[in-house]
A.B. asks: 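Handing you a structure now.
FYI, the numbering just counts along the sequence from 1. Just so it is clear, the structure is predicted and the values come from calculations on it, not from any experiment.
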Amino acid sequence: MTASPTVRALKLGVTWCYLIRCPDGYLLIDTSYPNRFSQFLRSIAALGIDIQKIRYLLLTHHHDDHAGFAAELVEKTGCRVIAHRNAVEALTIGESEDTMRPVNRRVQFLFALFTLFHRRFRFPPLVLGENDIVLPGDDFDLLRGIGINGRIAYTPGHTRDSISVILSDGSAFVGDVAMNFLRQTGIGHRPIFVEDIQAVYTSWQRLIEFGAKVIYPSHGKPFSARELAR
């Protein structure tokens, strides 16, 4: 499955980030960990994209593997940040909220091993300014206002600040509210960590109602939205 011609995918470590073309440049969906900024620069240079063409940065949520080098990118480009209002405090502090739990025991075991090497879920703080855009929930107008035919949906469950982008062609960029990653642990397409599993399922239903056809997760390859419906 391939995204729209106006979308470019970047794999930065375990995180997939997405560049969506708009009339005056690009909207970037998520960053990766703080130490991935140099890789990001190499990746966009290979695509022939000037970093100054990144006009907007949409954060699907505040975790360190999504907002890791956001502050550095904003400093370099002056791009406008788009985030849910529930992300503001964590972004300002620069630390992932400790509100999630493993979705099953196999994930719990793997996470115990992971934390031996990645103990603190911190990243350079990002203080949002007057030029940035803080969303209270769904937004049907913002993307169209910047020349992108799509909408933003509030999709909590993984975190309380999770948002997704659904383009008019059905491409849905969902952050971590759905995954295609570590499926040998028995998670299916569930996030490996959740705040509220029922909210995850509700968010899946909303994605489908909003026209999602192909899910582009931040972790793993794209898959049909029909798999969420099942």
A.B. asks: For S96, which residues count as a side-chain contact (heavy atoms from CB on, under 4.5 Å) partner, sequence neighbours excluded?
C.D. replies: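 Partners of S96 under the side-chain contact (heavy atoms from CB on, under 4.5 Å) test: H62, H63, D64, F121, F123.
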A.B. asks: Got a sec, which residues hit side-chain contact (heavy atoms from CB on, under 4.5 Å) with A9, two or more places apart in sequence or on another chain?
C.D. replies: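 By the side-chain contact (heavy atoms from CB on, under 4.5 Å) rule, A9 matches W16, Y18.
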A.B. asks: Taking all heavy atoms of P217 and all of P222, pick out the closest pair and write down the distance.
C.D. replies: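 Between these two residues, the closest heavy atoms are CD-CA, 3.9 Å.
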A.B. asks: I'd like to check the side-chain hydrogen bond (donor to acceptor under 3.5 Å, both in side chains) partners of S168; sequence neighbours left out, ordered by chain and number.
C.D. replies: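 Applying side-chain hydrogen bond (donor to acceptor under 3.5 Å, both in side chains) to S168 gives N149.
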A.B. asks: Are any side-chain N or O atoms of T15 and backbone N or O atoms of D65, one a donor and one an acceptor, separated by less than 3.5 Å?
C.D. replies: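 Yes; at least one donor-acceptor contact below 3.5 Å.
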A.B. asks: Say whether L126 and I133 are linked into one hydrophobic cluster, either directly or through other cluster members, by side-chain heavy-atom distances under 4.5 angstrom.
C.D. replies: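 Different clusters.
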A.B. asks: Test of understanding: with side-chain contact (heavy atoms from CB on, under 4.5 Å), list the residues that count as partners of P125, not counting sequence neighbours.
C.D. replies: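 By the side-chain contact (heavy atoms from CB on, under 4.5 Å) rule, P125 matches no residue at all.
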A.B. asks: Which heavy atom of S218 sits nearest a heavy atom of D176, and at what distance?
C.D. replies: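 So the minimum-distance heavy-atom pair works out to CB-OD1, 3.4 Å.
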A.B. asks: Just by modelled atom types, is the M179 backbone N or O under 3.5 Å from a matching donor or acceptor in the H189 side chain?
C.D. replies: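 Pair found, side chain donor or acceptor close to backbone of M179.
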A.B. asks: Test: salt bridge (Lys or Arg N to Asp or Glu O under 4.0 Å). Region: residues 36-58. Which pairs qualify, not counting sequence neighbours?
C.D. replies: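 For residues 36-58, and leaving out neighbouring residues, there are no salt bridge (Lys or Arg N to Asp or Glu O under 4.0 Å) pairs at all.
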A.B. asks: Not counting sequence neighbours, which residues clear side-chain hydrogen bond (donor to acceptor under 3.5 Å, both in side chains) with S164? List them please.
C.D. replies: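 If we apply the side-chain hydrogen bond (donor to acceptor under 3.5 Å, both in side chains) test to S164, skipping adjacent residues, the hits are T155.
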A.B. asks: For the residue pair P23 and G147, what are the closest heavy atoms and their distance?
C.D. replies: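 Heavy atoms only, the tightest pair is CD-CA, 3.6 Å.
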A.B. asks: Does the T6 side chain pair with the main chain of I20, one donor and one acceptor, at a distance under 3.5 Å?
C.D. replies: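 No, the answer is negative, given that no donor and acceptor are paired below the 3.5 Å cut-off.
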A.B. asks: Could you tell me whether the side chain of T31 and the main chain of F69 form a donor-acceptor pair under 3.5 Å?
C.D. replies: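 Yes, the answer is positive, given that a donor and an acceptor are paired below the 3.5 Å cut-off.
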A.B. asks: Quick one: does D132's side chain have a donor or acceptor within less than 3.5 Å of a partner on V81's backbone?
C.D. replies: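 Side chain of D132 to backbone of V81, a donor-acceptor pair under 3.5 Å: yes, one is there.
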A.B. asks: With clusters defined by side-chain heavy atoms of hydrophobic residues (ILVMFWY) lying less than 4.5 Å apart, directly or transitively, does F223 cluster with Y201?
C.D. replies: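 Yes: a chain of side-chain contacts under 4.5 Å links Y201 to F223.
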A.B. asks: Restricting to pairs with a member in residues 76-93, which pass salt bridge (Lys or Arg N to Asp or Glu O under 4.0 Å), not counting sequence neighbours?
C.D. replies: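 The answer is E72-K76.
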A.B. asks: Would you list the pairs meeting salt bridge (Lys or Arg N to Asp or Glu O under 4.0 Å) in which at least one residue belongs to residues 137-162, sequence neighbours left out?
C.D. replies: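 Salt bridge (Lys or Arg N to Asp or Glu O under 4.0 Å) check on residues 137-162 returns E97-R160, D138-R206.
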A.B. asks: Restricting to pairs with a member in residues 124-155, which pass ring-ring contact (aromatic ring centres under 6.0 Å, His included), not counting sequence neighbours?
C.D. replies: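 Residue pairs passing ring-ring contact (aromatic ring centres under 6.0 Å, His included), neighbours aside: H84-Y154, F140-F210.
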A.B. asks: Would you find a donor on one side and an acceptor on the other, under 3.5 Å apart, between the side chain of S32 and the backbone of L12?
C.D. replies: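 Confirmed, S32 side chain pairs with L12 backbone.
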A.B. asks: Listed by chain and number, what are the side-chain contact (heavy atoms from CB on, under 4.5 Å) partners of A199, not counting sequence neighbours?
C.D. replies: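 Checked A199 against side-chain contact (heavy atoms from CB on, under 4.5 Å); matches are D196.
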A.B. asks: Can you see which heavy atom on L27 is nearest to which on C22, and at what distance?
C.D. replies: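 The pair with the smallest heavy-atom distance is N-SG, 4.2 Å.
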A.B. asks: Please check if Y26 and F173 belong to a single hydrophobic cluster, counting links between Ile, Leu, Val, Met, Phe, Trp and Tyr side chain heavy atoms closer than 4.5 Å.
C.D. replies: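 Not linked; separate clusters.
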A.B. asks: For T60 and V174, indicate whether the former's side chain and the latter's backbone hold a donor-acceptor pair under 3.5 Å.
C.D. replies: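 Such a contact is absent between T60 side chain and V174 backbone.
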A.B. asks: Among residues at least two apart in sequence or on other chains, which ones pass ring pair (Phe, Tyr, Trp, His ring centres under 6.0 Å) with Y56?
C.D. replies: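 If we apply the ring pair (Phe, Tyr, Trp, His ring centres under 6.0 Å) test to Y56, skipping adjacent residues, there are no hits.
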A.B. asks: Over all heavy atoms of both residues, which pair between K221 and N180 is shortest? Give the atoms and the distance, please.
C.D. replies: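 In this case the closest contact between K221 and N180 is O-ND2, 3.0 Å.
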A.B. asks: Is there a path of hydrophobic side-chain contacts, each under 4.5 Å between heavy atoms of I, L, V, M, F, W or Y residues, that connects L128 with L58?
C.D. replies: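 No; tracing contacts between hydrophobic side chains, which count when under 4.5 Å, never links both residues.
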A.B. asks: If you take all heavy atoms of V177 and V200, which pair is closest and at what distance?
C.D. replies: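 Closest heavy-atom pair between V177 and V200: O-CG1, 3.7 Å.
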